[in-house]
Chemist: 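Below is a structure I'd like to ask you about.
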Amino acid sequence: MTKTVEHIECLIVGSGPAGYTAAIYAARADLKPIMYAGMQPGGQLTITTDVENYPGYPEGIMGPEMMELFRKQAERFGTDVRYGMITSVDLTGKPPFKLIADESHEILAETIIIATGASAKWLGIPSEQKLNGMGVSACAVCDGFFFKGKDVAIVGAGDTACEEASYLAKICSKVYMIVRRDEFRASKAMIHRVLNTPNIEVIFDTETDEILGENKVIGARLKNRKTNELRTIDISGFFVAIGHHPNTDIFKGYLDMDETGYLQTIPGTSKTNVAGVFACGDAQDKVYRQAVTAAGSGCMAALDAERYLAAKTDVSN
Ligand code: NDP
């Protein structure tokens, strides 16, 4: 295939709330952004049902519809949204940075805004996929409210699982916490909180054999890993909190990351260790991970990119 090349001011990689917000700001600042939206445009919100905690939607909105509105708003100001992947990058040397899209198209970008997000890890059992969005969720803060006064289960034993179990315990009648080993991975303070919450029952040494239900979750069959004993619990919601994986692999070796791959930015900014490359959203945030915080950081990234380009122009004039 012949290679085509284009030279642009601002490339946005990723199309969740962070990417689209960056696009709205960058387009309005006349940076003529091009966005590579990935293979699943819209990011994690496209696998969510109702979003009720994003300000401005008093009645809530479906995740995919919300992302469609974000896209329209970004396009209205001139963002070129493309469905495709950035497949390789070269961030050595000075800008423009060279990137390859869809294996064959070369882009030279003066600035890059990384908004590639993170993907929740899943257990990998068929019923989990079948009931995703119908009682199975990877975000207690997003979906816990739908199970008000009901019994739910959460899988995981890290800080996220403990935090989400505590959150769910305030809303739900009972929370079963399914832990695969005989101990937690979370910090002591988090463990203490879980163990001292009366309506959380921790079930150690246990894995999920199957989530039960046809069109909605009605229970889970659990298996003791030491005795192989099976047990069924009646639940309406099943939460998976076994970690996330930031989608940052293509930037390895160029950008500073923590040990789990989250991009590191200069605190209070979206700046990475490479001047001209900015990061926003879940690709650089393992603590808050909300649509609204991602959108806010996307705005920061576009403003940082605009100011970076303006400062360069001032120097060259
Ligand atoms: P972690 O990787 O820390 O924990 C993942 C948990 O999921 C582990 O307990 C692990 O079990 C379990 N797990 C993994 N795969 C499976 C599986 N297939 N079946 C059952 N259980 C499984 O992820 P977190 O998201 O909890 O935390 C990520 C990072 O973010 C950590 O550094 C954490 O400290 C930090 N964080 C900090 C917070 C805070 O400070 N407020 C809040 C949230 C996160 P096992 O232990 O057996 O490996």
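One is the number of the first residue; the rest follow in order along the sequence. Order of listing sets the numbers, starting from 1, for every ligand and every atom in it.
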Chemist: Has the side chain of Thr21 got a donor or acceptor atom that lies under 3.5 Å from a matching backbone atom of Pro17?
Modeler: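 Such a contact is found between Thr21 side chain and Pro17 backbone.
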Chemist: Has Val287 got any heavy atom lying under 4.0 angstrom from an atom of ligand 1?
Modeler: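 Contact check Val287 vs ligand 1: negative.
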Chemist: Glu163 heavy atoms, cut-off 4.0 Å: which ligand 1 atoms fall inside?
Modeler: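 Listed by number with element, the hits are 41 (N), 42 (C).
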Chemist: From atom 45 (P) of ligand 1, work out which of Glu183, Lys121, Arg181 has a heavy atom at the shortest distance.
Modeler: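 The residue whose heavy atom sits nearest atom 45 (P) of ligand 1 is Arg181.
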Chemist: Give yes or no for whether the N/O distance cutoff of 3.5 Å, strictly under, is met between Val155 and ligand 1.
Modeler: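 Between Val155 and ligand 1, no N or O pair is found under 3.5 Å apart.
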Chemist: Disulfide (SG to SG under 2.5 Å) with Cys299: which residues, sequence neighbours excluded?
Modeler: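 Cys299 satisfies disulfide (SG to SG under 2.5 Å) with no other residue.
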Chemist: So which protein heavy atom does atom 15 (N) of ligand 1 come closest to, and at what separation?
Modeler: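 Heavy-atom neighbour on the protein nearest atom 15 (N) of ligand 1: Arg180 NH1, 3.5 Å.
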Chemist: Would you check if there is a donor-acceptor pair between the side chains of Thr208 and Arg221 at a distance under 3.5 Å?
Modeler: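 Not at all, the side chains of Arg221 and Thr208 share no donor-acceptor pair under 3.5 Å.
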Chemist: For atom 23 (O) of ligand 1, what is the closest protein heavy atom, and at what distance to 0.1 Å?
Modeler: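 Sorting protein heavy atoms by distance from atom 23 (O) of ligand 1 puts Gly243 CA, 3.8 Å first.
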Chemist: Under 3.5 Å, is there a donor-acceptor pair linking the side chains of Thr269 and Asp304?
Modeler: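 Thr269 vs Asp304: no donor-acceptor pair found between side chains.
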Chemist: Evaluate Glu229 against Lys223 for salt bridge (charged side-chain N to carboxylate O under 4.0 Å, His left out), listing each step before the verdict.
Modeler: CA-CA 6 Å; Glu229 198 182 315; Lys223 184 171 164 186; over 6 Å; no
Chemist: Can you find an N or O of His244 that's nearer than 3.5 Å to an N or O of ligand 1?
Modeler: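 There is no such contact.
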Chemist: Mind checking whether Arg289 has an N or O less than 3.5 Å away from an N or O of ligand 1?
Modeler: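 Between Arg289 and ligand 1, no N or O pair is found under 3.5 Å apart.
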Chemist: Run the numbers for me: atoms of ligand 1, each under 4.0 Å from some heavy atom of Gly158, listed by number.
Modeler: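 Checking each atom against Gly158, I get 4 (O), 6 (C), 9 (O), 26 (O).
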Chemist: Find all atoms of ligand 1 within a distance of less than 4.0 Å from any non-hydrogen atom belonging to Leu123, and give their numbers and elements.
Modeler: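 Listed by number with element: 17 (C), 18 (N), 19 (N).
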Chemist: Check whether any side-chain N or O of Ser137 sits under 3.5 Å from a backbone N or O of Cys139 as a donor-acceptor pair, and report yes or no.
Modeler: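 At least one qualifying donor-acceptor pair exists.
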Chemist: Closer than 4.0 Å and a protein heavy atom, does any atom meet both conditions relative to atom 43 (C) of ligand 1?
Modeler: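 There is a protein heavy atom less than 4.0 Å from atom 43 (C) of ligand 1.
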Chemist: Enumerate the residue pairs fulfilling side chain to side chain donor-acceptor pair (under 3.5 Å) with a member in residues 184-193, sequence neighbours excluded, ordered by first and then second residue.
Modeler: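 Counting only pairs at least two positions apart or across chains, the side chain to side chain donor-acceptor pair (under 3.5 Å) contacts touching residues 184-193 are Asp159-Ser187, His192-Asn196.
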Chemist: Could you find the nearest protein heavy atom to atom 36 (N) of ligand 1 and give me its residue, atom name and distance?
Modeler: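 Result for atom 36 (N) of ligand 1: Asp159 CB, 3.8 Å.
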Chemist: Would you check if the side chain of Thr206 reaches a backbone N or O of Ile178 as a donor-acceptor pair within less than 3.5 Å?
Modeler: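 Answer holds: no.
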Chemist: Determine yes or no for a side-chain-to-main-chain donor-acceptor pair under 3.5 angstrom, with Thr248 supplying the side chain and Ala283 the backbone.
Modeler: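 Judged by distance alone, no pair lies under 3.5 Å.
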Chemist: What protein heavy atom sits nearest atom 5 (C) of ligand 1, and how far away is it?
Modeler: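 In this structure, atom 5 (C) of ligand 1 has Ile242 O, 3.6 Å as its nearest protein heavy atom.
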Chemist: Please find out if less than 6.0 Å separates the ring center of Tyr25 from that of Phe77.
Modeler: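 Ring centres of Phe77 and Tyr25 not closer than 6.0 Å.
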Chemist: Among all the protein's heavy atoms, is there at least one whose distance to atom 27 (O) of ligand 1 comes out below 4.0 Å?
Modeler: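 When distances to the protein are checked, atom 27 (O) of ligand 1 has a heavy atom within 4.0 Å.
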Chemist: Is Asp182 reaching over with its side chain to a backbone N or O of Asp205, donor-acceptor style, under 3.5 angstrom?
Modeler: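 No.
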Chemist: Closest non-hydrogen protein atom to atom 2 (O) of ligand 1, residue and atom name please, with distance?
Modeler: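 Scanning the protein heavy atoms, the shortest distance from atom 2 (O) of ligand 1 goes to Arg185 CD, 4.3 Å.
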Chemist: For ligand 1, does Ile178 get within less than 4.0 Å through its side chain, its backbone, both, or neither, judged by non-hydrogen atoms?
Modeler: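 The answer is neither.
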Chemist: Just to confirm my output: which protein heavy-atom neighbour is closest to atom 24 (P) of ligand 1, and how far is it?
Modeler: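 I find the closest protein heavy atom is Thr160 OG1, 3.2 Å.
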Chemist: What is the nearest protein non-hydrogen atom to atom 30 (O) of ligand 1, stated with its residue, atom name and distance?
Modeler: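 Minimum-distance protein heavy atom for atom 30 (O) of ligand 1 reads Lys286 CD, 3.8 Å.
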